[in-house]
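For reference, the structure discussed in these notes is given below.
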Amino acid sequence: MNKTTQNRMLAAARRAAKRAYAPCSNFKVGAAVLDERDRIHSGCNVENSSPCLTVCAERNAISRAVNTGAKSVKAVLVFTDTDGLTPPCGACLQVIAEFGRNPEILLTNRKTMRRFRLKDLLPLRFS
Ligand code: THU
């Protein structure tokens with residue numbers, strides 16, 4: 001992925017994180033999905049008083065991508081305004097796997113970025 005796309009994804013994820021609804025954890029996450037047409041779709045986590053109903057930023061971004069006509073995912077960027085990096089949870093990895101064979105997963109915070117491939121984080125997906 002080129003630097004411009006990466007910067008656009010980062011900006012979209014940062015904006016999304018600001019919109020996160022996280023009254024339970026106060027942990028705001030933003031995600032950006034790059035689709036097969038190089039369009040970027042963002043999502044934030046949306047929590048609920050009934051904890052099982054919380055939806056992660058990554059899955060909200062994927063839902064938005066699909067609802068906008070995306071067919072597959074080339075990359076997912078996750079942003080948290082924290083010292084540590086936030087890898088997608090197992091459920092999100094499985095959902096990402098549904099839409100790409102081995103997309104890039106970029107983990108970012110206020111100071112660093114680390115690049116992975118889906119298979120680094122989820123070597124054996126269920127299919
Ligand atoms: N969360 C995400 O949105 N994405 C992740 O990759 C990990 C966790 C959210 C879910 C919940 O709202 C909050 O972070 C704390 O777990």
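For ligands, and for the atoms within them, numbers begin at 1 and follow the listed sequence.
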* Pairwise salt bridge (Lys or Arg N to Asp or Glu O under 4.0 Å) hits with a residue in residues 59-75, at least two apart -> D38-K74

* **Pairing residues for N7 by the side chain to side chain donor-acceptor pair (under 3.5 Å) criterion, not counting sequence neighbours** => none

* Look only at interatomic distance and state if E58 has a nitrogen or oxygen under 3.5 Å from any nitrogen or oxygen of ligand 1. => yes

* Sub-4.0 Å heavy-atom contact, A22 with ligand 1 -> no

* Judging by distance only, is a nitrogen or oxygen of A57 under 3.5 angstrom from one on ligand 1? -> yes

* **T54 touching ligand 1 at heavy-atom level, < 4.0 angstrom** => yes

* Do protein heavy atoms approach atom 6 (O) of ligand 1 to less than 4.0 Å? -> yes

* Check for a donor-acceptor pair, side chain of D81 on one end and backbone N or O of K28 on the other, with a separation under 3.5 Å. => no

* Asked: Stepwise, does the side chain to side chain contact (heavy atoms under 4.5 Å, CB included) test hold for S42 with R15?
  -> CA-CA 9 Å; S42 64; R15 271 197 306 274; over 6 Å; no

* To do: Would you indicate whether R37, at its atom CZ, is surrounded by more than 12 heavy atoms from other residues, nucleotides or ligands within a distance under 6.0 Å?
  => no

* Is ligand 1 under 4.0 Å from a heavy atom in the side chain of C92, in the backbone, in both, or in neither? -> neither

* To do: Can you establish whether the number of heavy atoms outside R101 located under 6.0 Å from its atom CZ is more than 12?
  => no

* Asked: Do any N/O atoms on S25 end up under 3.5 angstrom from N/O atoms on ligand 1?
  -> no

* Asked: How about M9 and L34: do any of their side-chain heavy atoms sit closer than 4.5 Å?
  -> yes

* Contact with ligand 1 for P88, non-hydrogen, under 4.0 angstrom -> yes

* Asked: If you measure from each heavy atom of C44 to ligand 1, is any distance below 4.0 Å?
  -> no

